[in-house]
Amino acid sequence: MPGKVLVTGGTGYIGSHTTVELIENGYDTIIIDDLSNSSIDVLDNIEKITGIKPAFEQFDMTHNEKVKNFFTKHPDLEAIIHFAAKKAVGESMEQPLLYYRNNLVTLMNILEAMQEFNVPNLVFSSSSTVYGEPDKLPVTEQSPVKEAASPYGNTKRISEEIIRDFLRNIPDLKAISLRYFNPIGAHPSALIGELPLGVPANLVPFITQTAAGIREKLTINGDDYNTPDGTCIRDYINVVDLAKAHVVAIERMTGNKGKSNYEVFNIGTGSGLSVMEIVKTFEKVNNLKLNYTIGPRRPGDVVAVYADTSYANRELGWKAEKTTEETLRSAWLWEKNVRGI
C-alpha cells in the first residue's frame, strides 16, 4: 500500500504533474511551497484531474524551524520529493547568492529532517546542467560532472555532492537524484502546465506566450553555435513522462531494488532537438506562425546536451513515451486554456 509523500515545490511546474501521478498511483500527498513562482489555484486543478486535493502548507523552507515543525506534525512520511529550488539560469548569473542560499540551505534542512524524523527515502530534482559542456554525446550517468556554466547548475552539482556525502554513513536512508533534461509540455487535461511568473526563462513558455500575443516576439539566443542549424541542442522531455519517473524512483527505494543507498539517473528522451527545430515543430503542429528574431548568445548556455537514457530504461523500467509533436500541442492547449483563447 503506497504511503505518504511530501512534495516540496509541489505547486510548481514539475511538482504539480508529479503530484498528479502520485495521487493516481495511490499515494497520500502533501505539498510545501512558498508560492514564489507558482499559484495556489494549482491545488484546485490537481483536484479536478485526480478527484483529490492534496494537503498544503505555505512557507519558505530555508527556515529550519519551520521545516522541523512540519516534520513534527507529519511523522509518518514514507518519502520526500524535493523540487523546491530556484531554477532560472540567467537570473542565477545575476543573483548567485540568492541561488546558493535558497537551493543549498533548503536541501540541507530537508536532509537534517530526514535523519531526525526517520524519513527513509528522498528523490532529488537534479539537472543535466551538472554535465556542463560535455566532451561526448549523449551523456551517460558516468559522464564527467563538469564545472557548471551557471550558479544554478552549480547548486545542482553541489546538492548531489551534499546528498552523497550525507548518506555515506547512514545506510538506512536512501536517495535517488534524477538528472532532468528539458521538461516541456503540459498535462493532457490542459488544467496544469508551465506558467512562470514574469518573463519566461524557458523556451516553450516563451513560444506559447508569443503565440498568444503576451510577448511581442521570441528571441532565439544565438544562431552561430556549432550545430546543424546554429541553434543550441537540448533533450526535450514531456513533463508527464518526467513526472512518472519520480513514482518509479520511489518504488525502487521502497522495494529495496537499488544497487546502493544513493543512485543517479538521466531522465530524458535520448535524443536532441535544436531550438529552431522546436520552433518549427510548434508552428507545424499548431498551424500558426511565430514572430521570432535572432539575438545574441545567452551567458551560461552550453552548445548541446542530450541523454543516454538506457540505464534509467533498464534499471527503473521507465522510458519517455510521448512524441515532441504531442508535447508541443499540449503546451499550446494549456496556454490557450490559461488565457481563455
Side-chain angles (χ1 to χ4, degrees), residues 13-14 86-94 99 126-140 143-157 179-185 194 196 199-211 215 217-239 241-242 266-286 290-309 320 322-325 327-328 331-332:
Y13 176 42
I14 307 170
K86 295 194 175 293
K87 63 182 181 70
V89 168
E91 184 185 56
S92 80
M93 303 289 279
E94 295 163 8
Y99 274 67
S126 192
S127 167
S128 61
T129 56
V130 301
Y131 298 117
E133 192 75 70
D135 300 324
K136 187 178 167 189
L137 290 169
V139 290
T140 71
S143 295
V145 170
K146 295 288 199 69
E147 183 173 341
S150 69
Y152 161 71
N154 206 27
T155 66
K156 294 300 184 183
R157 181 184 66 82
R179 290 174 177 167
Y180 312 157
F181 282 70
N182 289 62
I184 60 171
E194 188 170 12
V199 180
N202 294 335
L203 175 62
V204 171
F206 215 112
I207 287 174
T208 58
Q209 288 189 18
T210 303
R215 306 286 158 201
K217 64 185 175 186
L218 166 71
T219 300
I220 293 172
N221 299 117
D223 67 347
D224 57 349
Y225 287 98
N226 184 23
T227 63
D229 63 20
T231 64
C232 289
I233 290 173
R234 296 291 182 268
D235 186 335
Y236 294 95
I237 178 170
N238 185 288
V239 67
D241 282 340
L242 173 61
N266 284 340
I267 304 296
T269 64
S271 62
L273 291 169
S274 73
V275 171
M276 191 61 78
E277 284 176 303
I278 290 289
V279 168
K280 294 298 182 188
T281 304
F282 180 88
E283 289 183 326
K284 182 181 174 185
V285 300
N286 295 304
L290 281 172
N291 182 22
Y292 65 85
T293 185
I294 306 299
R297 293 185 179 195
R298 188 172 61 172
D301 275 345
V302 300
V303 179
V305 62
Y306 54 93
D308 180 332
T309 60
K322 295 183 184 292
T323 65
T324 306
E325 289 79 7
T327 302
L328 291 173
W332 181 228

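Because only heavy atoms are used, hydrogens play no part in the values below, and waters and symmetry mates are left out as well, while side chains stay in.
- Looking at residues two or more places apart in sequence or on another chain, you find a side-chain contact (heavy atoms from CB on, under 4.5 Å) between Ser271 and Thr269.
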Stepwise side-chain contact (heavy atoms from CB on, under 4.5 Å) test for Glu194 and Asn202: CA-CA 9 Å; Glu194 188 170 12; Asn202 294 335; 2.9 Å; yes

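- When the side-chain hydrogen bond (donor to acceptor under 3.5 Å, both in side chains) test is applied to Ser126, the partners found at least two apart in sequence or on another chain are Glu160.
- Nearest heavy atom pair, residue Pro183 against residue Phe181, reads CD-O, 3.2 Å.
- The minimum heavy-atom distance linking Ile278 with Leu203 is given by the pair CG2-CD2, 3.9 Å.
- The nearest pair of heavy atoms linking Ile184 to Tyr13 is C-OH, 2.9 Å.
- Identified under the side-chain hydrogen bond (donor to acceptor under 3.5 Å, both in side chains) test for residues 293-308, with sequence neighbours left out: Asp224-Arg297, Arg298-Asp301, Asp308-Ser310.
- For Arg157, the salt bridge (Lys or Arg N to Asp or Glu O under 4.0 Å) partners at least two apart in sequence or on another chain are Glu161.
- Distance check, rounded to the nearest 0.5 Å: CZ of Arg215 to OG1 of Thr208 gives 10.0 Å.
- Contacts of Asp229 classified as side-chain contact (heavy atoms from CB on, under 4.5 Å), with partners at least two apart in sequence or in another chain: Thr227, Thr231, Ser274, Met276, Glu277.
- Nearest heavy atom pair, residue Val285 against residue Leu328, reads CG2-CB, 4.2 Å.
- Listed by chain and residue number, nothing satisfies the salt bridge (Lys or Arg N to Asp or Glu O under 4.0 Å) test with Lys217 (two or more places apart in sequence, or in another chain).
- With sequence neighbours excluded, the residues forming a side-chain hydrogen bond (donor to acceptor under 3.5 Å, both in side chains) with Thr155 are Asn103, listed by chain and number.
- Side-chain contact between Gln209 and Val199 is absent, with no heavy atoms from C-beta onward closer than 4.5 Å.
- The distance from the CD1 atom of Ile237 to the NZ atom of Lys322 is 11.5 Å, given to the nearest 0.5 Å.
- Atom NZ of Lys284 sits about 7.0 Å away from atom CD of Glu325, to the nearest 0.5 Å.
- Considering all non-hydrogen atoms of both residues, Ala307 and Asn266 come closest at CB-CB, 4.2 Å.
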Can you give each donor-acceptor pair under 3.5 Å made by side-chain atoms of residues 86-94, sequence neighbours left out, with the distance rounded to 0.1 Å?
from: Glu91; atom 1: OE1; to: Tyr99; atom 2: OH; distance (Å): 2.5
from: Ser92; atom 1: OG; to: Val89; atom 2: O; distance (Å): 2.7
from: Ser92; atom 1: OG; to: Tyr152; atom 2: N; distance (Å): 3.0

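- Residues passing the side-chain contact (heavy atoms from CB on, under 4.5 Å) test with Asn182, sequence neighbours excluded: Arg234, Tyr236.
- Under the ring-ring contact (aromatic ring centres under 6.0 Å, His included) criterion, Tyr131 pairs with no residue at all, not counting sequence neighbours.
- We find the SG-CG distance between Cys232 and Asn226 to be 11.0 Å, quoted to the nearest 0.5 Å.
- Residues passing the side-chain contact (heavy atoms from CB on, under 4.5 Å) test with Ala211 are Phe282, Leu288, Leu290, Trp332, sequence neighbours excluded.
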Would you mind writing out the side-chain donor-acceptor pairs for residues 132-139 within the sub-3.5 Å range, not counting sequence neighbours?
from: Glu133; atom 1: OE1; to: Val303; atom 2: N; distance (Å): 3.2
from: Glu133; atom 1: OE2; to: Val303; atom 2: N; distance (Å): 3.0
from: Asp135; atom 1: OD1; to: Lys146; atom 2: NZ; distance (Å): 3.0

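- Minimum heavy-atom separation, Ile233 to Pro228: CD1-CD, 4.1 Å.
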